[in-house]
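Side chains included, hydrogens not; waters and symmetry mates left out as well; all remaining heavy atoms used. Residue numbers start from 1 in every chain, and the chains themselves are labelled A, B, ... in the order their sequence lines are given, proteins ahead of strands.
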Number of protein chains: 2
Amino acid sequence: MTTPASQHSKISSDSALTAESLAQDHLLLQQQICFPLYAVSNLVVKSYGPLLKPLGLTYPQYLVMLLLWQHQSLAVGELGKQLHLDSGTLTPLLKRMENNGLIKRQRSPADERRVLVSLTTAGMELRQAATAVPQAMACKLAADPQWLLQLQDNLNLLIGRLSQDDAGSGN
Amino acid sequence: MTTPASQHSKISSDSALTAESLAQDHLLLQQQICFPLYAVSNLVVKSYGPLLKPLGLTYPQYLVMLLLWQHQSLAVGELGKQLHLDSGTLTPLLKRMENNGLIKRQRSPADERRVLVSLTTAGMELRQAATAVPQAMACKLAADPQWLLQLQDNLNLLIGRLSQDDAGSGN
DNA sequence: CTAAATTAAGTTGTGTGCAATGTAAAATCG
DNA sequence: CGATTTTACATTGCACACAACTTAATTTAG
């Protein structure tokens, strides 16, 4: 730790590294694959903001609603498996949604450990207003459907690999 | 793990909607393009965790270090423009990095509004230990370089579109 | 059938991420 | 040159996201 790292021969006024070491340096923001992923994700969540605010939803809450509009009732763990979120994220999120009157949370009678999440009438009725959201977002992305489908496939591939890698996380 | 294609066949027992409304319903998690993006981003940040923890860095902090290993000194606003993060995120993040002894923050003499961020000796020396990170991450992604490059291009396209859309955000 | 192991949620603490607002310095305008 | 506007950060408040841990219920092993 005491060895002064490669600060020999700083050439330009701006670079801390030599031309050689920069030539194929993997420690460059421009060379990172994960950074654009991270940046796009943040931008996407931000883009959803104005679309979801009138519905009283955040983006993760919208994802929960998507699942509940499909499935009458889901346990917290099932939501977490689908959304790749753990109970530390979901429990407070679901409590906020319950306080907002969108969902109900009740212990499963069959298995008292499980908490079943289902929609209230207000939650079901919100679906109508939400139908406009995917269109509006598609417009913001301004992308060819084919291109989006391929991107989606590629991302799902990565989800598969990273989820496997993540196997032993206590949910 | 249910395959996306199989969703349409098991409507009756589980669905809150009719077969017709599901047939081309954009309000399905499986039909969302942004969700895999969001999920991959979370998984990626989580995957970086074990690689960066020995360096005393979080993923966003690692991104700041990448920029500072390239550029001797950057203002908060320049970091924010590169990383698509605002001062509300960066200011506390940079303070934590300063407390950890990795960076210095000092007002620009030329323009007292700007805060210039630069590396300490410890911050520069951390670069050596970080050289192993990109390789380790590439291994986790287990992906073809060509394939990754194309994915990167596609994501950068989206960054362009969503950043433009985001034009009027007070940084 | 009981003790140990496992599972499902919840809790706590830390670190983002951003909208909205505040503050001070610099630039611009009249 | 003085007033107004703009710019650059900082602050506040809220909502994730996750590691680590706790609690309670179920399952499994003996």
> Looking at the side chain of Y38(A), which of dG17(C), dC18(D), dC18(C) is the nearest nucleotide?
dG17(C)
> Counting only non-hydrogen atoms, which of residues 107-117 of chain A are less than 4.0 Å from DNA chain C?
R107(A), R113(A), R114(A), V115(A)
> Roughly, in whole Å, what's the span from CG in L162(A) to P in dC18(D)?
12 Å
> Between the base of dA8(C) and the side chain of S87(A), is there any donor-acceptor pair under 3.5 Å?
no
> Rounded to whole Å, how long is the line connecting atom CG of L74(A) with atom C1' of dA9(C)?
16 Å
> Students often mix this up, so state it plainly: with edges at 30° and 60°, are the rings of F35(A) and H84(B) parallel, tilted or perpendicular?
parallel
> Quick check: on DNA chain D, is the nucleotide nearest K95(B) upstream (toward 5') of the one nearest P92(A), or the reverse? Name the residue that is more 5'.
K95(B)
> List in numerical order all residues of residues 52-67 of chain B for which some heavy atom is under 4.0 Å away from an atom belonging to DNA chain C.
T58(B), P60(B), Q61(B)
> In whole angstrom, give the distance that lies between atom CG of L90(B) and atom P of dT12(D).
18 Å
> Assess, by modelled atom type and distance only, whether the side chains of D111(A) and S108(A) contain a donor and an acceptor separated by less than 3.5 Å.
no
> Starting from C1' on dA19(C), measure out to CG on L43(A) and report it in whole angstrom.
15 Å
> Is the shortest side-chain N/O distance from R105(B) to OP1 or OP2 of dC9(D) below 4.0 Å?
no
> Would you give the length of the straight line joining atom CD1 of I103(A) to atom CG of L93(A), rounded to the nearest 0.5 angstrom?
8.0 Å
> In whole angstrom, give the distance that lies between atom OH of Y48(A) and atom C1' of dG17(C).
18 Å
> Rounded at 0.5 Å granularity, tell me how far CG in L55(A) sits from CD in Q128(A).
12.0 Å
> Which nucleotide in the set dA10(D), dA19(D), dG17(C) lies at the smallest distance from any side-chain heavy atom of N42(A)?
dG17(C)
> Which nucleotide sits closest to the side chain of L85(B): dG17(C), dA19(D), dC16(D)?
dG17(C)
> Round to the nearest Å and state the distance from D86(B) atom CG to dT12(D) atom P.
16 Å
> Considering only side-chain heavy atoms of T89(A), which listed nucleotide, dC9(D), dC18(D), dC18(C), is closest?
dC18(D)
> Among residues at least two apart in sequence or on other chains, which ones pass side-chain hydrogen bond (donor to acceptor under 3.5 Å, both in side chains) with R105(A)?
E98(A)
> Rounded to whole Å, please give me the gap between CG in L83(A) and P in dA17(D).
10 Å
> Could you tell me how far apart M97(B) (CE) and dT14(C) (C1') are, to the nearest whole angstrom?
16 Å
> Using the six-membered ring wherever Trp is involved, compare the ring planes of Y59(B) and Y38(A) and label them parallel, tilted or perpendicular (cut-offs 30° and 60°).
perpendicular
